[in-house]
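The structure appears below as structure tokens.
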Amino acid sequence: MIIKKDKSTIQNYFQDNSGVSGAYADSVAIAENEDDISNFLIEMSEKQIPVTIVGALTGNTASGLAFGGVVLSLENLNNIGEIKENSDNTAFITVGAGARLNDIKVKAYQNGWMYPPDPTEKSAFIGGNIATNASGSRGFKFGPTRDYVQALKVIFSDGSKSFIQRGKIFSDKNGNITFDTNKGTKHIKLPEYKLPHIKNAAGYYNYPDCDLIDVFIGSEGTLCVIVEAVLKLVPCFKEVFGGIIFFQNRDNAFMFVDKIKLISKKAKVERLRNSINAMSLEYFEKNALDLIRDDYPLIPLDAECGIMFEQDVYDDSIDLLIDKWYKIMQKYNVNDDKVWFASNLAELEKFRIFRHAIPEHINKIVKKNKVPKVGTDFAVPEGKLSDIVDFCQKEFKNSGIFNLTFGHIGENHLHANILASNEDEYEKCRKLYIDICSQVVKLKGTVSAEHGIGKLRHIFLEKMLGKEGFKEMAKFKKSFDKSAILCQDNIFPRDYLYEKVCH
């Protein structure tokens, strides 16, 4: 274990993309192996010293920022194993928690495979992706990180270790789960709150017949330290194409997306190979397009919004599929001069840079203003997207604060960013976000679909699960982390860890 205490040396461990300032810790411990972590956690538990687990610090909910105690960095657990092929046309790869997402993707691609989850931050550590159940732009077709985690090696705050494989251990009808560690058996009971049956990254996973591995995915470092993961790979596409379509009318854009989703879902269910089957569907409203207009002056001036799409191709049908996409566009009054098209991976990468330019510009504004951003992460059920977008636009207009919306429209999951320029505006933004969350909950949605809750979104999760939900989560956390030292204040306020609050 490498221990760093010099303030100037460890300062870079106290900044992420959230815009939150003031993070600090007494020291940073950089683990070099599993025994380092186990012994370190035993010592910290005995001394009751809080431990904040950090990865690449690319998150935007401050979940990796420490406010006291010590930091545990997994940066040196960056091994990427060899790819092992299976008979069912999939493959597995074992990686350390500190392996970077881009390095995993590149190794898979070079060997003819694909790791499908596609979060914006390719420099993120896979451990962080698992801790937040990250998804990204290709989640419409491929789903989130959870769908590709086949096994996890975890270490608990008492120093015990366990190797959890998917499909081996499930909850019973009462939510009880029993499993073994190298130091004995653990018995846990899932929280009883109800989570929405849509894309969700808010609260501990507790759906019926819960697979134990899913409990740790999305737990934001509060239950254990994830040190290693076995990931599933799928065959890489033969070809890929996509485009950015600019619409003068939002309703036409939404109707176009609904049509593409309907066709794509049918193609997936019926395994149609020569059908439209979108890999990603992304949305950019006018303010988001205006934000990057200096970088992309060819964005049409009359564009009310844009839709970016991708489709993967596994045979020789690319020309046929492109023609089908164009025919659908024409039905929704899209002129050829309002379409940017990419017919190969290199061209499509330029569009992905276009999409990623928006959050990059937002982060620059946040750092310049030195005020945390308020960015929604909501998702709503099918048929409810227009309702929540209309609600947000009305509230934004009344607030007068600069805002922009973009995100994963294929999953009814958008990021509405409200960018305060000072502390007074920030408080208004927070109140506005609370109102949005209340509306999302009324629509049976989630307040966080991919980024998690971290330290910034407690009040929003409270709108969804209530204070009783927080009490259940605190009790659940302590069934894994008896000393309650791991990533305090992530997901729910740390005060709920105290006995008088939990009962």
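Any value given below was found using the heavy atoms of this structure, including those in side chains, with hydrogens, waters and symmetry copies removed.
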Counterpart residues, side chain to side chain donor-acceptor pair (under 3.5 Å), relative to [X] (two or more places apart):
| X | result |
| --- | --- |
| Tyr13 | Glu75 |
| Ser137 | Asp118 |
| Arg494 | Gln488 |
| Glu282 | Arg355, His408 |

State plainly whether the residues [X] and [Y] are in salt-bridge range, i.e. N to O under 4.0 Å.
| X | Y | value |
| --- | --- | --- |
| Asp214 | Arg166 | yes |
| Lys475 | Glu472 | no |
| Lys107 | Glu82 | yes |

Applying side chain to side chain contact (heavy atoms under 4.5 Å, CB included), name anything that partners [X], two or more places apart in sequence or on another chain.
| X | value |
| --- | --- |
| Ser45 | Ser157, Ser483, Ile485 |
| Ser448 | Ala201, Ala202, Asp377, Ile453, Arg457 |
| Val227 | Glu34, Ile37, Leu77, Lys153, Ile155, Val225 |

Would you call the rings of His415 and His451 parallel, tilted or perpendicular, where under 30° means parallel and over 60° means perpendicular?
->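 Ring orientation, 0 to 90° scale: parallel.
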Could you check whether the rings of Phe237 and Tyr314 sit parallel, tilted or perpendicular, using 30° and 60° as the cut-offs?
->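 The arrangement is perpendicular - the two ring planes meet at more than 60°.
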Ring pair (Phe, Tyr, Trp, His ring centres under 6.0 Å) involving [X] - partner list, sequence neighbours excluded:
| X | value |
| --- | --- |
| Tyr24 | none |
| Phe92 | none |
| Phe476 | Tyr204, Phe480 |
| Tyr283 | Phe254 |

Of all pairs that satisfy salt bridge (charged side-chain N to carboxylate O under 4.0 Å, His left out), the ones with a partner from residues 47-56, not counting sequence neighbours |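 Sorted pair list: Glu43-Lys47.
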